[in-house]
Amino acid sequence: MQKKLDSLLAAAGIALPDQQKHQLIGYVELLHKWNKAYNLTSVRDPMQMLVRHILDSIVVNPHLEGSRFIDVGTGPGLPGIPLAIIRPDSHFTLLDSLGKRVRFLRQVQHELGLKNVEPVQSRVEEFIPEPAFDGVISRAFASLQDMLSWCHHLPVKGEGRFYALKGLRPDDELATLPQGIQLQEIIKLRVPELDGERHLVILKAN
Ligand SMILES: C[S@@+](CC[C@H](N)C(=O)[O-])C[C@H]1O[C@@H](n2cnc3c(N)ncnc32)[C@H](O)[C@@H]1O
């Protein structure tokens, strides 16, 4: 798996310390080991997990601003765990409503020794955290409208952003953004060996 990760990282132009690469591989091994018991992902092949989960998450890293994030509807920790591994000076709250998935996240936290993640079981609508976040992140969670309406009460700093990882450019969802929210940027992401388009939508309150 190490060779495959190295070649994907090289193709993406990402350099990481060995310790972070070992943690990313350790995370894939845990996903693979516990997938059946916890029903974590439809991706069964660890090599495909590297492409569709690890690379797909970490290509977002250069576009994040700040150090305190929440990954809403994180499921098995995507994109939050890979981002927390390669961004050890940032803190990630990993939120999901399903107890089984949050139990898996606690196991990952413990086995990989991650000090910068906090798994939380809650529906996002009922979660009242503090202090404020620099960014609210989600992947495969909800339409932009639902994400923003379920997350609007989360405390986000003045310069804070909403980051939504999407497949195709979601022009129809962008046409009906709620009042008070504006589009900052849509970034086309390049994920080596992944078929199909990936986009990062960055929104901010105005
Ligand atoms: C399709 S999965 C995506 C998981 C992960 N982000 C990924 O990219 O693989 C959506 C996740 O959102 C969680 N979820 C759905 N509605 C939620 C809510 N209102 N509050 C918190 N989590 C929610 C589900 O339990 C599920 O784990």
Side-chain angles (χ1 to χ4, degrees), residues 8 24 27-61 63-64 69-87 90 92-109 112 114 117-129 133 135-156 161-168 170 173 178 187 189 191 193-203:
L8 289 167
L24 291 173
Y27 173 56
V28 168
E29 287 170 350
L30 289 170
L31 265 180
H32 183 58
K33 179 173 172 192
W34 293 107
N35 199 13
K36 275 209 182 110
Y38 287 96
N39 191 19
L40 301 168
T41 167
S42 60
V43 182
R44 307 276 170 213
D45 171 18
M47 299 300 164
Q48 276 302 306
M49 288 179 184
L50 285 176
V51 176
R52 292 171 62 179
H53 291 331
I54 303 300
L55 265 287
D56 195 50
S57 298
I58 66 176
V59 292
V60 169
N61 183 45
H63 310 292
L64 299 181
F69 300 95
I70 179 166
D71 178 10
V72 173
T74 188
L78 295 162
I81 294 273
L83 285 171
I85 288 172
I86 67 162
R87 222 176 151 95
S90 292
F92 289 80
T93 299
L94 305 174
L95 186 89
D96 204 278
S97 52
L98 274 188
K100 230 171 157 184
R101 299 203 171 141
V102 175
R103 280 199 295 283
F104 171 73
L105 292 172
R106 294 206 179 103
Q107 199 170 340
V108 172
Q109 176 184 27
L112 299 185
L114 295 177
V117 299
E118 185 190 3
V120 176
Q121 183 190 355
S122 170
R123 291 192 66 78
V124 64
E125 305 89 312
E126 292 157 10
F127 182 53
I128 307 181
F133 296 106
V136 177
I137 307 174
S138 75
R139 185 184 91 149
F141 172 57
S143 67
L144 291 175
Q145 284 77 8
D146 285 346
M147 176 198 178
L148 293 164
S149 95
W150 297 339
C151 296
H152 78 275
H153 66 289
L154 295 178
V156 176
R161 301 285 183 261
F162 293 88
Y163 301 91
L165 281 75
K166 296 280 182 183
L168 294 176
E173 294 179 29
I187 297 161
L189 299 167
V191 183
E193 297 189 21
L194 189 78
D195 290 336
E197 296 190 2
R198 303 295 289 150
H199 289 88
L200 176 65
V201 178
I202 308 180
L203 304 158

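Numbering of ligands and ligand atoms starts at 1, following listing order. The figures that follow rest on heavy atoms only: side chains count, while hydrogens, waters and symmetry mates do not.
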Show your reasoning for whether side chain to side chain contact (heavy atoms under 4.5 Å, CB included) applies to Ser90 and Phe69.
CA-CA 8 Å; Ser90 292; Phe69 300 95; 3.9 Å; yes

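Near Leu98, meaning under 4.0 Å from any of its heavy atoms, are these atoms of ligand 1: 25 (O). When each atom of ligand 1 is checked for a heavy atom of Ser122 under 4.0 Å away, the hits are 20 (N), 21 (C). Ligand-side atoms of ligand 1 in range of Gly75: 4 (C), 27 (O), range being under 4.0 angstrom from any heavy atom.
Taking all heavy atoms of Ser42, Ala142, Ala140 into account, the minimum distance to atom 10 (C) of ligand 1 is reached by Ala140. Counting heavy atoms only, Thr74 comes closest to atom 5 (C) of ligand 1 of the residues Leu94, Thr74, Asp96.
With Gln145 contributing its side chain and Glu173 its backbone, the two residues share a donor-acceptor pair below 3.5 Å. A distance-only check finds no donor-acceptor pair linking the side chain of Asp71 to the backbone of Leu94 [under 3.5 Å]. Using modelled atom types, no side-chain atom of His63 and backbone atom of Val60 make a donor-acceptor pair closer than 3.5 Å. Asn61 places no side-chain N or O within 3.5 Å of a backbone atom of Leu83 that could act as its donor or acceptor partner. Proximity of a side-chain donor or acceptor of Glu193 to a complementary backbone N or O of Val51 within less than 3.5 Å is not detected.
With a 4.0 Å heavy-atom cut-off, ligand 1 is reached by the side chain of Arg101 but not by its N, CA, C or O.
For ligand 1, none of its N or O atoms has an N or O atom of Phe141 under 3.5 Å away. Considering backbone and side-chain atoms together, Glu125 places an N or O closer than 3.5 Å to an N or O of ligand 1. Of the polar atoms of Leu78, at least one N or O is found under 3.5 Å from an N or O of ligand 1, judged by distance alone. Geometrically, ligand 1 and Pro76 share no nitrogen or oxygen pair separated by less than 3.5 Å.
The two atoms that bring Leu98 and Gln121 nearest to each other are C-NE2, 4.1 Å, heavy atoms only.
Contact of the Leu203 side chain with the Tyr163 side chain is not registered, since no non-hydrogen atoms from C-beta on lie closer than 4.5 Å.
Here the protein heavy atom with the shortest distance to atom 12 (O) of ligand 1 is Gly73 CA, 3.3 Å. The single protein non-hydrogen atom nearest to atom 20 (N) of ligand 1 is Val124 N, 2.9 Å, given as residue, atom name and distance. With respect to atom 23 (C) of ligand 1, the closest heavy atom belonging to the protein is Ser97 OG, 3.4 Å. What sits closest to atom 9 (O) of ligand 1 on the protein, heavy atoms only, is Arg139 NH2, 3.3 Å.
Classified by interplanar angle (parallel below 30°, tilted 30° to 60°, perpendicular above 60°), the ring pair Phe141/Trp150 is perpendicular.
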